[in-house]
Amino acid sequence: MSAPASGPAASPAPAHSSASAYAPPIIKPTDLRGILRYVPRFKGQIFVLSLDGVIVADENFGNLLVDIAVLRSLDIKVVLVHGIGHQLEELSRQRGISISSIDGTGITDAATLDLAIRASARVSHLILEGLTQNSLKCAITNAVRSLPVGILRGVDQQHTGRVDRIDKVFLSQLIERDIVPIIQPIGYGPEGHSYRVNSDLLAAEVGEALGASKVIYLGALAGLEINGEIKRDLPVERLRLILKETPAQIAPAALSKAQNAVRALETGVARVHLVDGRAFDGLINEIFSNEGVGTLIYANEYQQIRQARRTDVRLIYNLTRAAVKREELLHRSQATIEKHVDQFYVFEIDENIIACVTLAFYADKPHLAEVGSLYVLPFYHNRGIGRKLIEYACLRAKEKGATHLLALSTQSYGFFTSVMNFEETGPEILPEARLKTYAESGRNPRVLIKTL
Ligand SMILES: CC(C)(COP(=O)(O)OP(=O)(O)OC[C@H]1O[C@@H](n2cnc3c(N)ncnc32)[C@H](O)[C@@H]1OP(=O)(O)O)[C@@H](O)C(=O)NCCC(=O)NCCS
């Protein structure tokens, strides 16, 4: 799901069931407003979509292709990587040939490689057919240069390959010409040999090579299951730690995707999603809503944000003074800032505080949190800092159990509603003590709320 990025849901779908299990929800014209918000943000960005073979065989595949066409129509650049596990198993059964590794992480013997090449051709062809139906130009590529994995712990992995190099120039040329590259889980050695490559790994490598902003794994999983629970969003540091210390907590079916998600995030991809490719509207909901249909794993985009310290009090006071004068912010004395310094988060550039925000909780309404004192130095406006601070506050509030975030604003309510997807509500939502200070301030701010 898109936790830090958010927007109204376009008809959420149950993530666990396949397309046949429920009726397609109706997308309302008003949902477009939510989606349009993302258009300037995602425009021109590269999304790597990794389709497991089982998804290409699923009856929802046709809908998924329409979703891909929607992304393209919004000028999002799409690169498709596909797997073949499902088709490989099917071929093995049909032909009575046993396979040495399904997912390309173990040994690939000659017979398995032969079946993998056939399965790959079949899957790529189905994708070609489907994209053609949606009037999208595409091309199967040989952009993955591969080398044999070689001998691991004394055992020759035979035709299993690792990614040596991705031909960025070739892929970029296709993307620039509005051609969707299709990348098979077969790499080519310099001498022309074919190698079986795991598609989860491939998607991460392609994401890195192309500077993709997202890698989206579409598999037959409702998301990343940790300790029996599907996580909706988690920072890469947490996942890295779990993989290192307690990997058994991760559902075995999701392990490869989890490992490669970390790999992608460590090499510059900002977000990795695990989405159920069988769920109607799953992909679109994951990208354009905060309704949690899959799992979002995100890199630390917030390293410039930290909790304020006592030594920051004077700086925060000076930073916000101009906005207080313009009545954009509520006046807070240095003593008040000091008293509530734990509520302040600051944004630093080169160790200078250039923005701040507060996050407060109410003892009598634990599901509510409130952001305030949002201020970005004018020189730094329109660089996404205000958004990052609010997104960060959303994550912290959610971590602490809040389900809704409030903001009281006199002049920047447009920022909260248009950019951050808050909605206007009434002051009666405020806890009693807060309602009192609200009334006493005489500022009459608009009360805005956002579901976390
Ligand atoms: C509001 C504020 C925090 C935004 O910070 P920022 O770092 O410039 O914001 P971002 O870069 O994340 O977002 C910029 C987007 O917000 C929009 N935006 C900023 N202020 C807006 C407003 N008042 N109404 C509507 N949209 C607004 C910009 O037009 C821009 O939109 P775009 O991405 O479509 O181009 C900043 O303008 C500020 O500090 N204002 C003065 C203090 C204030 O009013 N704080 C709110 C107190 S509750």
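This is a predicted model, so every value here is computed, not measured.
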Colleague: When rounded to the nearest 0.5 angstrom, what distance separates CG in L201 from OG1 in T105?
Modeller: 10.0 Å

Colleague: Kindly indicate, with the supporting measurements, whether the criterion side-chain hydrogen bond (donor to acceptor under 3.5 Å, both in side chains) is fulfilled by D164 and S146.
Modeller: CA-CA 5 Å; D164 178 41; S146 193; over 6 Å; no

Colleague: Kindly say whether G372 contributes a backbone atom to a donor-acceptor pair with the side chain of T358 at under 3.5 angstrom?
Modeller: yes

Colleague: Should D58 and R278 count as an ion pair when the cut-off is N to O under 4.0 Å?
Modeller: no

Colleague: Using the side-chain contact (heavy atoms from CB on, under 4.5 Å) definition, which of the options I127, V81, L126 pairs with L51?
Modeller: I127

Colleague: Check whether S199 reaches the backbone of L202 with its side chain - one donor and one acceptor, N or O, closer than 3.5 Å.
Modeller: no

Colleague: Using 0.5 Å steps for rounding, measure from the CG atom of D276 to the CG atom of L283.
Modeller: 11.5 Å

Colleague: Please determine, by modelled atom types, if H404 and K450 share a side-chain donor-acceptor pair under 3.5 angstrom.
Modeller: no

Colleague: Answer with yes or no whether the side chains of S213 and Q45 bring together a donor and an acceptor at under 3.5 Å.
Modeller: yes

Colleague: Any side-chain to backbone donor/acceptor pair from S124 onto A121? Under 3.5 Å, distance only.
Modeller: no

Colleague: Evaluate the side-chain proximity of V272 to Y217: yes if any heavy-atom separation is below 4.5 Å, no if none is.
Modeller: yes

Colleague: Given side chains that start at C-beta, do those of D75 and F42 come closer than 4.5 Å, heavy atoms only?
Modeller: no

Colleague: Given 3.5 Å as the limit, does a donor-acceptor pair link the side chain of Q94 with the main chain of E89, or not?
Modeller: no

Colleague: Donor-acceptor pair, distance only, cut-off 3.5 Å: does the side chain of S172 make one with the backbone of K168?
Modeller: yes

Colleague: Does any non-hydrogen side-chain atom of P185 lie less than 4.5 Å from one of R196?
Modeller: yes

Colleague: Answer yes or no: is there a side-chain heavy-atom contact under 4.5 Å between E208 and E266?
Modeller: no

Colleague: How far apart are the closest heavy atoms of A209 and I166, and which atoms are they?
Modeller: CB-CB, 3.7 Å

Colleague: For residues R72 and I76, determine if any side-chain heavy atom of one lies less than 4.5 Å from a side-chain heavy atom of the other.
Modeller: no

Colleague: Please round to the nearest 0.5 Å and tell me the distance separating atom OG of S409 and atom CD of E424.
Modeller: 10.0 Å

Colleague: Can any side-chain N or O of T295 pair as donor or acceptor with the backbone N or O of K231 at less than 3.5 Å?
Modeller: yes

Colleague: When you compare the side chain of F288 with that of L74, does any pair of heavy atoms fall below 4.5 Å?
Modeller: yes

Colleague: Is any side-chain heavy atom of L368 closer than 4.5 Å to one of L406?
Modeller: yes

Colleague: Does the distance from a Lys or Arg side-chain N to an Asp or Glu carboxylate O, for K388 and E391, drop under 4.0 Å?
Modeller: no

Colleague: Between Y188 and Y195, is the gap from one ring center to the other below 6.0 Å?
Modeller: no

Colleague: side-chain contact (heavy atoms from CB on, under 4.5 Å) with L224: which of D233, I250, I242?
Modeller: I250

Colleague: So, does D103 use its side chain to make a donor-acceptor pair with the main chain of N198 at under 3.5 Å?
Modeller: no

Colleague: Judged by atom type as modelled, is there a donor-acceptor pair below 3.5 Å linking the side chain of T160 to the main-chain atoms of Q157?
Modeller: yes

Colleague: Say whether, by atom type as modelled, one donor and one acceptor occur between the side chain of T112 and the main chain of T108 under 3.5 angstrom.
Modeller: no

Colleague: Would one find more than 12 heavy atoms of other residues, nucleotides or ligands at under 6.0 Å from atom NE2 of H367?
Modeller: yes

Colleague: Give a yes or no answer on whether the side chain of S73 reaches the backbone of V70 with a donor-acceptor pair at less than 3.5 Å.
Modeller: yes

Colleague: Charged N to carboxylate O below 4.0 Å: is that the case for K257 and D52?
Modeller: yes

Colleague: Just checking R177: does its CZ atom have more than 12 heavy atoms from other residues, nucleotides or ligands closer to it than 6.0 angstrom?
Modeller: no

Colleague: Hey, are the side chains of R446 and T410 touching, using non-hydrogen atoms and a 4.5 Å cut-off?
Modeller: no

Colleague: Might you work through the side chain to side chain contact (heavy atoms under 4.5 Å, CB included) test for L131 and I182, ending with a clear yes or no?
Modeller: CA-CA 10 Å; L131 292 177; I182 299 171; 4.2 Å; yes

